[in-house]
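A quick write-up on the structure given underneath.
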Amino acid sequence: MSALLQPREAQFEPMTPSWFEAVLRVEQSAYDHPWTQGNFSDSLKAGYQAQLLTAGEPPQAELLGYFVAMKGVDEVHLLNITVAPVHQRQGWARVMLDALVIWSRGQGAQWLWLEVRLGNARARAVYEAYGFRHVGTRRNYYPAAQGTREDAVVMSLAL
């Protein structure tokens, strides 16, 4: 059995600048239009909830994924959730969504919101299976190939 298929223990830890190099490697391998170090740095400075999902013990811990979310008055907005491509389709997105929902409820949020690229059918399917509902569209929201723009599907989950 390969190491990727063996059960493994994972833990959450706060994102810190010391993880930016690993986070950016995952981000750049997962997306055509990745977040920059500045995006992550600004999120931490703003006090957003930014969590890493790791496996193994430091300093050899492996980054499985991460999420960044912004708290509002009675809602939380998921800004970025990413599973490292080598660890996709193993249930880690659901683990991170579970953690985000628990944190959001603890913050008194009644709703969880997100945007996802219209063309990202796999991510939309994950969100729909989790219980998110399509509530709208933001036209030309995301940058796309050759200077074009792509629509975002707005989704929400009642907490």
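The basis for the numbers below is simple: all heavy atoms, side chains too, and nothing from hydrogens, waters or symmetry mates.
- Judged as a side chain to side chain donor-acceptor pair (under 3.5 Å), and not counting sequence neighbours, the contacts of Asp98 are Tyr130.
- For Ala123, the side chain to side chain contact (heavy atoms under 4.5 Å, CB included) partners two or more places apart in sequence, or in a different chain, are Val116, Asn120, Tyr127.
- Listed by first and then second residue, the ring pair (Phe, Tyr, Trp, His ring centres under 6.0 Å) pairs that reach into residues 9-29 come to none, sequence neighbours excluded.
- Side-chain contact between Leu112 and Val101 is present, with at least one heavy-atom pair separated by less than 4.5 Å.
- Interatomic distance, His87 NE2 to Thr82 OG1, rounded to the nearest 0.5 Å: 13.5 Å.
- Residues Val23 and Tyr66 come closest through the heavy atom pair O-OH, 3.6 Å.
- Residue Ala145 comes nearest to Thr148 through the heavy atom pair O-OG1, 2.6 Å, listed as atom of the first residue, atom of the second, then distance.
- Residues passing the ring pair (Phe, Tyr, Trp, His ring centres under 6.0 Å) test with Trp35 are Phe40, sequence neighbours excluded.
- Residue pairs meeting the salt bridge (Lys or Arg N to Asp or Glu O under 4.0 Å) criterion with at least one partner in residues 145-159, sequence neighbours excluded, are Arg117-Glu150, Arg139-Asp151.
- Contacts classified as ring pair (Phe, Tyr, Trp, His ring centres under 6.0 Å) and involving residues 134-154 (residues at least two apart or in different chains) are not found.
- For the residue pair Ile81 and Ala93, the shortest heavy atom distance occurs at CD1-O, 4.1 Å.
- Between Ser104 atom OG and Leu78 atom CG the span is 8.5 Å, to the nearest 0.5 Å.
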Throw together a table of side-chain donor-acceptor distances under 3.5 angstrom for residues 67-75, partners on residues two or more places apart or in other chains.
| residue | atom | partner | partner atom | Å |
| --- | --- | --- | --- | --- |
| Glu75 | OE1 | Trp113 | NE1 | 3.3 |

**OP:** Check the pair Val83, Leu64 against side-chain contact (heavy atoms from CB on, under 4.5 Å), reporting the backbone distance first and the verdict last.
**Re:** CA-CA 6 Å; Val83 176; Leu64 303 176; 5.8 Å; no
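- Side-chain contact check for Asn39 and Ser41: no donor-acceptor pair (N or O, by modelled atom type) lies under 3.5 Å.
- The hydrophobic clustering, which links ILVMFWY residues whose side-chain heavy atoms are closer than 4.5 Å, places Trp92 and Val26 apart.
- Residue Ala61 comes nearest to Gly56 through the heavy atom pair CB-O, 3.8 Å, listed as atom of the first residue, atom of the second, then distance.
- Scanning for side chain to side chain donor-acceptor pair (under 3.5 Å) contacts around Arg94 gives an empty result, with sequence neighbours left out.
- Looking at Thr54 and Glu13, their side chains do bring a donor and an acceptor atom within 3.5 Å of each other.
- Within the structure, salt bridge (Lys or Arg N to Asp or Glu O under 4.0 Å) pairs that include any residue of residues 121-133 do not occur (at least two apart or interchain).
- Under the 4.5 Å side-chain criterion, counting only non-hydrogen atoms from C-beta, Leu114 is not in contact with His77.
- Residues satisfying the side chain to side chain donor-acceptor pair (under 3.5 Å) criterion with Trp103, sequence neighbours excluded, are absent altogether.
- Side-chain contact check for Leu52 versus Pro14: every heavy-atom pair is 4.5 Å or farther apart.
- Of all non-hydrogen atoms in Thr36 and Leu24, the two that sit nearest each other are C-CD2, 3.8 Å.
- With sequence neighbours left out, the side chain to side chain donor-acceptor pair (under 3.5 Å) criterion links Glu21 to Arg25.
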**OP:** Start with the C-alpha gap between Arg105 and Gln110, add the side-chain angles, then the distance that decides, and say whether side-chain contact (heavy atoms from CB on, under 4.5 Å) holds.
**Re:** CA-CA 7 Å; Arg105 286 180 176 149; Gln110 297 176 23; over 6 Å; no
**OP:** Show the numbers, then the answer: is there a side-chain contact (heavy atoms from CB on, under 4.5 Å) between Leu79 and Tyr48?
**Re:** CA-CA 10 Å; Leu79 302 174; Tyr48 295 166; 3.6 Å; yes
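- Side-chain contact between Glu115 and Arg138 is present, with heavy atoms from C-beta onward closer than 4.5 Å.
- Applying the salt bridge (Lys or Arg N to Asp or Glu O under 4.0 Å) test to every pair with at least one member in residues 38-57, sequence neighbours left out, gives no pairs at all.
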Subject >> Residues Trp111, Val76; criterion side-chain contact (heavy atoms from CB on, under 4.5 Å); working and verdict >> reply: CA-CA 6 Å; Trp111 294 94; Val76 169; over 6 Å; no
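- Separation of atoms CG (Leu157) and CG (Leu97) is listed at 8.5 Å; rounding is to 0.5 Å.
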